[in-house]
> 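One structure coming up, written as structure tokens, with questions to follow.
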Amino acid sequence: MPVAIKNTAFYALVVLIVLFAVFPFYYAIITSFKTGSALFTIEYWPTSFSLANYVSVIEAGSFPRNLLNSLIVSGLVVALSLLMAVTAAFALARVRFRGRSLLLLTILSVSMFPQIAVLAGLFEVIRLLGLYNTLWGLIFSYTIFTLPFTVWVLTTFMRDLPIEIEEAAIVDGATPWVIITKVFLPLMWPALVTTGLLAFIAAWNEFLFALTFTSSTETRTVPVIIALLSGASAHEVPWGLIMAASVIVTVPLVVLVLIFQRKIISGLTAGGVKG
Amino acid sequence: MTVIRLNNVRKSFGTFDVIKGVDLEINPCEFMVFVGPSGCGKSTLLRLIAGLEDITSGTLAFDEKVVNSLTPSQRGIAMVFQSYALYPHMTVYDNMAFGLKLAKGGADEIKRRVNEAAEMLQITDYLDRLPKQLSGGQRQRVAIGRAIVRDPKVFLFDEPLSNLDAALRVQTRLEIAKLHAKMHETTMIYVTHDQVEAMTLADRICVLRDGNVEQVGTPMELYEKPQSTFVAGFIGSPKMNFLTEKFADAYKAHTLGVRPEHLEVREKAGTWAGKLIHSENLGSESYLYIDIGAKEPLVVRQDGKPSRQPGDLLHVSPINDNVHRFDQSGYPARA
Ligand SMILES: Nc1ncnc2c1ncn2[C@@H]1O[C@H](COP(=O)(O)OP(=O)(O)OP(=O)(O)O)[C@@H](O)[C@H]1O
Ligand SMILES: [Mg+2]
């Protein structure tokens, strides 16, 4: 009997958490299928099914372009920060040099600055580099913010890889680059996928920099465009369009997680060293 | 056919001296075993020879060529690690072929050498498996195979058997002995703290103590003429008995060493006498612990099962006066 109660309580809690987590998204989806005044009635079950909002979002001028911008920016941020983080992590985890822990702490402290604190300074840098109102400006600034986190996580992960495997590779004649790419990377899939996904999500959802460092519609990313969607009059908020756009924007993230969750398997190093 | 020469080799980690000036010559094609207690620097010395650690001072030469600053692969060494250190994401075949691929060997050549090594070690059936699908003994064989395919000039082992169970250890020990016979062009260095492995495998043994070479010699030299109480106590099982004071004075020594197998029990008029306090029966032989009034009980080896009961009074004598005399500092007494 107590077991049954325990189980019931457990699943009740699970349902509660899932409801709490999923409800906003669910509500966005059902809202995105509504049009007209139905938008302003509160209903918890889908009542109407119309794709009108989706059609107008996609056909409304720049949205596909902005979606592509977001993809390019996020994709490049992930690629760049993983490339730099993996090489940095190898140095920080495996090469002994003076000031290593100080450097590691500095990297971590960089990630503690709130975005708004560096906004003005970063704006100047981006202007100076001639990156204002280009996607490169966004890629540059996002990479700055994702790097500390990716470096930190990958360093911790790499430090835990057995040192003998690296030494075996050295004996086999491997250079550091070969060790990183042929020996460590295949063992680091779980860490790479996890940090890569988080970096992607961070870049995908970023708003403040995107708003500040771009000015024309063609260079905007999706979060900014959604925020700037306006209705027929200044006082009308086009909820239907916003919800449809939001749903479209969320889909790539869900797809990415579904693809990569298979890769996030543990025990990849099993069998290499004893035990 | 590589001769290895160490000249006053030192290694410190920060201010901590681990290897304190080792001079050693390892002959071509020799099977050299480093033994010593835990922490004496065996692994460190092996890793210096491998090139996995930098030599702090002194020179290391392979065939008269100083190799201090060469990488392990430039030195032409191969190493078998205690923990196997296989690449977990590669099949057995790829594990063995990895070094050859990096050396840009031809595909046919690589295949031939891997298959040859696999046959030698009887792991041909596992070539497609991942390390995690193998038993400990099979993994260690793969690790040995990975070293063989590189056809090294110098073959290094760091306690390769210590993760295996007792039966497998004996079997793999035999295989390593066979390997040495087959690869008779290769100089091998083997680290262990198991003195049975040292005695059975070695052409010569190097006993290390606290970062220094204590004695180098063939197993029989170390057994018959230990140059210190340390070596005398380290080589041989069970351990040599050490007697001092009046027992040693009679032999004009500070410390008298007698191996348990060099003692015999007599009916009367032995050199020493005492009560049997305990006996261990191993079936084929037994060990008697006799309290003759020394600091520790005297251990005597006997064939077959013990013939006496605890409490019996026994007389014991060294056979043929086979004793080792040491002076105050632990070195052989001259006078
Ligand atoms: N990287 C290192 N940094 C600092 N000290 C080290 C390092 N590697 C080894 N040592 C020290 O050097 C000494 C010798 O170590 P080593 O591993 O050579 O011993 P060993 O003879 O192989 O012992 P065991 O039989 O336990 O393997 C030890 O006291 C150890 O603490
Ligand atoms: Mg060791």
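Each chain gets a letter, A, B and so on, in the order its sequence line appears, and its residues count up from 1.
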> Where is the tightest heavy-atom contact between A/A168 and B/A85, given as atom of each residue plus distance?
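Minimum heavy-atom contact is CB-O, 3.6 Å.
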> Specify which of B/L130, B/L102, B/V80, B/L100 makes the most heavy-atom pairs with chain A at under 4.5 Å.
B/L102
> Is the number of heavy atoms from other residues, nucleotides or ligands under 6.0 Å of B/D128 CG greater than 12?
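Not more than 12 within 6.0 Å, no.
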> For residues B/Y87 and A/A169, report the shortest heavy-atom separation together with the two atoms involved.
OH-CA, 3.2 Å
> Tell me, yes or no, whether the heavy-atom count around A/Q115 atom CD, taken from other residues, nucleotides or ligands under 6.0 Å, exceeds 12.
yes
> Does any backbone or side-chain atom of A/V178 lie under 4.5 Å from a heavy atom of chain B? Answer side chain, backbone, both or neither.
side chain
> With a sphere of 6.0 Å drawn around CG of B/D54, does it hold more than 12 non-hydrogen atoms of other residues, nucleotides or ligands?
no
> Side chain, backbone, both or neither: which part of B/R75 has a non-hydrogen atom closer than 4.5 Å to chain A?
neither
> How long is the straight-line distance from CE of B/M90 back to NZ of A/K182, given to the nearest 0.5 Å?
8.0 Å
> I need the A/D172 CG to B/M96 CE distance, nearest 0.5 Å.
11.5 Å
> Step through the shown structure and confirm whether more than 12 heavy atoms of other residues, nucleotides or ligands are within 6.0 Å of OH on A/Y11.
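Not more than 12 within 6.0 Å, no.
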> Could you give me the CA-CA distance, side-chain angles and deciding distance for A/E167 and B/M79, then say whether side chain to side chain contact (heavy atoms under 4.5 Å, CB included) is met?
CA-CA 9 Å; A/E167 289 179 340; B/M79 183 155 169; over 6 Å; no
> More than 12 non-hydrogen atoms from neighbouring residues, nucleotides or ligands closer than 6.0 Å to CZ on A/F97, yes or no?
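Correct, the count exceeds 12.
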> What's the separation between atom NE2 in B/H89 and atom CE in A/M188, rounded to the nearest 0.5 Å?
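Separation between the atoms: 12.0 Å.
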> More than 12 non-hydrogen atoms from neighbouring residues, nucleotides or ligands closer than 6.0 Å to CG on B/D165, yes or no?
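Correct, the count exceeds 12.
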> Take A/V171 and B/I77, measure what side chain to side chain contact (heavy atoms under 4.5 Å, CB included) needs, and give me the verdict at the end.
CA-CA 7 Å; A/V171 169; B/I77 62 116; 4.1 Å; yes
> For atom CZ of A/F113, is the number of surrounding heavy atoms from other residues, nucleotides or ligands below 6.0 Å larger than 12?
no
